[in-house]
Number of protein chains: 2
Amino acid sequence: MSDAQPEPTLDRPAVLERKGAFADRDAWIASGWCRLESALEVVGTRSAMVLVREVFYGATRFDELVRRTGLSEAVASGRLKDLVGHGLLERRPYREPGARTRDEYVLTDLGSRLFPVVVGLMAWGEDLRDDHHSGVQLVHRDCGAALEATVRCTAGHDVPLDEGAVRLKDEDWARGAVRRA
Amino acid sequence: MSDAQPEPTLDRPAVLERKGAFADRDAWIASGWCRLESALEVVGTRSAMVLVREVFYGATRFDELVRRTGLSEAVASGRLKDLVGHGLLERRPYREPGARTRDEYVLTDLGSRLFPVVVGLMAWGEDLRDDHHSGVQLVHRDCGAALEATVRCTAGHDVPLDEGAVRLKDEDWARGAVRRA
DNA sequence: CCCCTGACTTCTGACAACCCAAGTCAGGGT
DNA sequence: ACCCTGACTTGGGTTGTCAGAAGTCAGGGG
């Protein structure tokens, strides 16, 4: 069986269509190019994701984050430093009268842009389970309907998996990179 | 500073609004309820995600998956078994004339529903990097525009972070669960 | 029977993630 | 100066993930 582009049929599930030079997928195996892996290096740990989750739920203080995530203080501290360093969170000093200066952790724009990922993972996690009573649900504040992550293109079209494609970002650049390697 | 619902202001980034009994977030700290963590238990490893990625790009055969992910055979084999066991992939025997029976790995419906997560992580990973030449881009097959993951409610509204909320899925059930613990 | 080949299993070792416990550091107040 | 408190650091231990290497298993063909 050659690596032809798989055709969706009743028993062949859809996948992305490979376009341009990427149709020959095996010609483009390079380390360090994958944005998925870049993302996972930053948020690919349970501790990062549960901290991000709690910040999305409104926690800002270290003690809240530790309590609500169940992480140890050592892990929370280290991971928060990491997330701040990567630009997902920002650390801001604040002070209540009569108390010491403390820091709160707030989302940056980059951190906020993880929202669809968090929504998507939570919706997907729901699919995994038989139990539909425990836990929380993300909803639309005004209408109450459940949230889900969807895929769209920058031109505004809804794009299901079978209408998606994958291509090299910059074919000329990639050809040069392969030549230089 | 009390854990009031944070109000979005110019310098206070948006977060989800906590609704109903979940407004008191600290009252609902329980292990095992979180769908995000359920999801991460299945796909929260680099090996799982890069395998899923390659299946989305059209790979089906073991040797393709090993080569394109760069994973060791041992890791790929174990992780594929895991993904099949969790229902993301299905293993199907096929046979070319004159060759032995082999298995291909194809997406199940559950696996396909990771599409927005993969798109979201890749888009987010792009935000992380300075380099916009290397790697691939996910695009809309017909119009060529880049894909992104967005959040919408099941009623069809687009829901940015500041219009999202989080509530207990089943307040009565949750009250009972806390009482029983 | 043997051979080939693809997939899997086993083993070793390195590293990362995370828990727990103890201790240190630093910002304020008195 | 001391004290309190919140956040961080350090150390030890466990577990999981993964690479690399070697070996085994299993499906076919001759």
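Every chain is numbered from 1 and lettered A, B, ... according to where its sequence line falls, protein lines coming before strand lines. It should be emphasised that the depicted structure is a prediction, and the values quoted were computed from it without experimental measurement.
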B/His86 side chain near B/Glu41 side chain, heavy-atom distance below 4.5 Å: no
Proximity of B/Tyr57 and A/Phe22 rings by center, below 6.0 Å: yes
Aromatic ring proximity B/Trp28/B/Trp173, centre distance under 6.0 Å: no
A/Val151-B/Val139 co-clustered via ILVMFWY side chain contacts under 4.5 Å: no
Expected output: side-chain B/Thr60 to main-chain B/Val106 donor-acceptor under 3.5 Å: no
A/Glu148 side-chain N/O to B/Arg152 backbone N/O, donor-acceptor pair under 3.5 Å: no
Nearest-nucleotide comparison on DNA chain C, the residue closer to the 5′ end among A/Leu71 and B/Ala76: B/Ala76
Figure out the [atom1]/[atom2] separation between [X] and [N], and round it to whole Å.
{"X": "A/Arg102", "N": "C/dG29", "atom1": "CZ", "atom2": "P", "value": "15 Å"}
{"X": "A/Asp82", "N": "C/dA17", "atom1": "CG", "atom2": "P", "value": "8 Å"}
{"X": "A/Leu80", "N": "D/dT9", "atom1": "CG", "atom2": "C1'", "value": "15 Å"}
{"X": "B/Leu65", "N": "C/dA7", "atom1": "CG", "atom2": "P", "value": "10 Å"}
{"X": "B/Glu37", "N": "C/dA17", "atom1": "CD", "atom2": "P", "value": "17 Å"}
{"X": "A/Arg67", "N": "D/dG6", "atom1": "CZ", "atom2": "P", "value": "11 Å"}
{"X": "B/Tyr105", "N": "C/dG6", "atom1": "OH", "atom2": "C1'", "value": "11 Å"}
{"X": "A/Arg91", "N": "C/dG27", "atom1": "CZ", "atom2": "P", "value": "11 Å"}

Members of residues 41-49 of chain A that approach DNA chain C, where some heavy atom sits under 4.0 Å away: A/Thr45, A/Arg46, A/Ser47
Please set out all donor-acceptor pairs under 3.5 angstrom arising from side-chain atoms of residues 121-130 of chain A, sequence neighbours excluded.
| residue | atom | partner | partner atom | Å |
| --- | --- | --- | --- | --- |
| A/Trp124 | NE1 | B/Leu110 | O | 2.8 |
| A/Glu126 | OE1 | B/Arg35 | NE | 2.9 |
| A/Glu126 | OE1 | B/Lys169 | NZ | 2.9 |
| A/Glu126 | OE2 | A/His132 | ND1 | 2.3 |
| A/Asp127 | OD2 | B/Arg113 | NE | 2.8 |
| A/Asp127 | OD2 | B/Arg113 | NH2 | 3.3 |
| A/Arg129 | NH1 | B/Gly32 | O | 2.9 |
| A/Arg129 | NH1 | B/Ser38 | OG | 2.9 |
| A/Arg129 | NH2 | B/Gly32 | O | 3.1 |

Out of C/dC8, D/dC18, D/dT9, whichever nucleotide has its closest atom nearest the side chain of B/Arg79: D/dC18
Flag for B/Asp109-B/Ser112: side-chain donor and acceptor within less than 3.5 Å: no
B/Phe56 and B/Phe115 aromatic ring geometry - parallel, tilted or perpendicular at 30°/60° bounds: tilted
Summary of protein contacts for nucleotides 20-26 of chain C, nucleotide by nucleotide, where a base hit scores B, a sugar-phosphate-only hit scores S (4.0 Å, heavy atoms): B-----B
